[in-house]
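These notes concern the structure reproduced below.
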Amino acid sequence: MEALLPDWAPNLHPLIIHFPIVLWAVAVLADLTSLFSGKSWLKHMAVALYTLGALSALAAYFSGEQAIDGVSVPMQGELTAGKHSDWGHYTLYFFGGYTLIRLLFLWRKWDKKKWVAIALFILGTSGLGIVAKTADLGGKLVYKYGVGIKK
Amino acid sequence: MKKLQVVFYAIVFIGGTLVFTGCSQGKQEEQSEEENHDEMMDGEDLHMGGEDHSGDDHSMSMETGEDKTWTPSGNGAELMRSDFHFLAGAATNIKPEVKNAEGAMVLELTADGTPTAFVFHNQYDNVGMIATLKRLDFKGSVKIIHHAKDLSNYEFVAIDGANMKLGRVVNGKEEVFDESNFEAGSGWMPLKVTAAGTHFKGYMGDQTITHGHGDKMEKGFIGIMLEGTGKVQLKSIETAILEDE
């Protein structure tokens with residue numbers, strides 16, 4: 001896997017992390033649009049995006065575990081690194097669970113009820129806050145503490 | 001009309017979530033600053049050093065986000081008395097001498113086999129420490145200890161030969177978080193440990209050798225422990241109170 005990396009990249013993590021962020025953001029938008037348009041293909045699209053997002057989050061998690069011991073973290077960046085790792089775990093658990101719920105509700109057609117669809121949308125939107133916090137800490141590691149900016 | 005209501009409530013919810021996240025982050029930062037201030041005040045109360053050593057800062061009183069480097073100078077026995085106190089053993093067990101080695105002043109310790117732990121006078125919570133040391137004919141384990149209360153309660157990163165161990169001792173019982181080998185040379189070794197919340201790491205220079213997790217411990221002393229016999233030289237100890245995000 002390392003051989004496939006561009007020579008400037010310290011590890012796979014920065015190449016993967018943007019997938020779950022974008023996939024979940026678009027999934028929330030698709031959910032919102034399906035709520036007021038009533039088009040079922042939009043809801044299916046949202047569930048597909050959440051699923052792809054959860055899978056890419058799994059890849060981001062494993063690449064992050066591998067990356068953290070391979071980069072040099074300055075002492076002052078250690079707390080941020082630890083919290084980024086913790087929030088990365090929360091993100092994975094949240095969206096892993098949420099995706100399973102969405103797939104189950106879609107399969108059993110429970111999400112056809114309006115109030116259920118709204119509750120699921122609200123839950124998905126709250127998850128974006130967890131993603132934002134994780135991303136914020138990751139950005140701080142790179143841009144404030146210079147972690148992983150050189151191979 | 002109903003569709004418009006859904007859109008309206010969705011926008012209000014997203015906006016509310018963002019505002020709430022922003023507020024709680026601000027509050028967390030304020031709280032963190034207060035805690036760090038308390039930590040600094042506690043440290044000042046506990047400071048026991050009384051002598052000034054040729055311009056080197058030996059007080060180790062620090063503010064959050066600040067790094068300080070301790071370097072030896074003057075008389076070995078006096079230096080130990082002013083800058084450290086012992087959690088185990090005594091100065092006679094390590095015969096401290098300040099010497100000139102390769103153009104720099106170093107603290108040479110000759111351990112007699114009695115487990116000896118000496119720590120700075122201040123107590124810290126989230127902390128990082130780099131001890132630049134050289135094992136001459138030392139046989140045994142050199143430990144950086146942190147969150148130390150006494151010989152039965154502390155956290156550590158230990159090197160013995162080419163093996164590094166990361167863990168903690170609680171009520172005399174050792175728990176190892178991680179253990180790994182590293183390339184042990186015969187020269188100066190920058191042995192580094194960081195304790196950031198529930199994340200603990202042991203480095204040799206910039207390379208992570210051990211990484212483990214455990215419950216957060218109450219703040220405690222930081223210092224060096226020797227369990228073995230022979231000579232160890234200490235060139236510097238860099239300490240940092242870790243900056244909260």
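Below, chain A is the first sequence line, B the second, and so on; all start at residue 1.
Side-chain atoms of B/Lys149 come within 3.5 Å of backbone atoms of B/Lys219 as a donor-acceptor pair (strictly under, hydrogens ignored). Between the side chain of A/Thr134 and the main chain of A/Trp87, a donor-acceptor pair closer than 3.5 Å is present.
Listed by sequence position, the residues of residues 157-167 of chain B in contact with chain A number zero, using a 4.5 angstrom heavy-atom cutoff. For residues 187-202 of chain B, heavy-atom neighbours of chain A at less than 4.5 Å comprise B/Lys192, B/Thr194, B/Ala196, B/Gly197, B/Thr198, B/His199, B/Lys201, sorted by residue number. Interface with chain A: from residues 173-186 of chain B, no residue qualifies, criterion being any non-hydrogen pair under 4.5 Å.
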Give the intermediate values and the outcome of side chain to side chain contact (heavy atoms under 4.5 Å, CB included) for residues B/Trp70 and B/Thr239. CA-CA 8 Å; B/Trp70 173 94; B/Thr239 313; over 6 Å; no
Should A/Glu78 and A/Lys83 be marked as a salt bridge (charged side-chain N to carboxylate O under 4.0 Å, His left out) after you check the CA-CA gap, both sets of side-chain angles, and the distance that decides it? CA-CA 9 Å; A/Glu78 288 285 359; A/Lys83 286 186 177 177; over 6 Å; no
Stepwise, does the side-chain hydrogen bond (donor to acceptor under 3.5 Å, both in side chains) test hold for B/Tyr154 with B/Lys143? CA-CA 11 Å; B/Tyr154 63 90; B/Lys143 289 179 178 173; 3.0 Å; yes
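Ring pair A/Phe95/A/Tyr50 is parallel by interplanar angle, where below 30° counts as parallel and above 60° as perpendicular.
The six-membered or imidazole ring of A/Tyr98 lies away from that of A/Trp24, with a centre-to-centre distance of 6.0 Å or more. Checked against a 6.0 Å centroid threshold, the rings of B/Tyr124 and B/His146 do not count as neighbours.
Each salt bridge (charged side-chain N to carboxylate O under 4.0 Å, His left out) pair with one or both residues in residues 24-35 of chain A, not counting sequence neighbours, appears once here: A/Asp31-A/Arg102.
Put simply, the side chain of A/Pro6 reaches to within 4.5 Å of the side chain of A/Leu15, judged on heavy atoms. Between A/Leu92 and A/Leu58 there is a side-chain heavy-atom pair separated by less than 4.5 Å. With contacts defined as side-chain heavy-atom distances shorter than 4.5 Å, the pair A/Asp111/A/Leu106 qualifies. Side-chain contact between A/Leu104 and A/Trp110 is present, with at least one heavy-atom pair separated by less than 4.5 Å.
Applying the 6.0 Å contact sphere to CD of B/Gln207 captures no more than 12 heavy atoms from other residues, nucleotides or ligands.
Both the backbone and the side chain of A/Val73 come within contact range of chain B, with heavy atoms under 4.5 Å apart. Both the backbone and the side chain of A/Ile68 come within less than 4.5 Å of a heavy atom of chain B. Within the 4.5 angstrom heavy-atom criterion, only side-chain atoms of A/Ser85, from C-beta onward, approach chain B.
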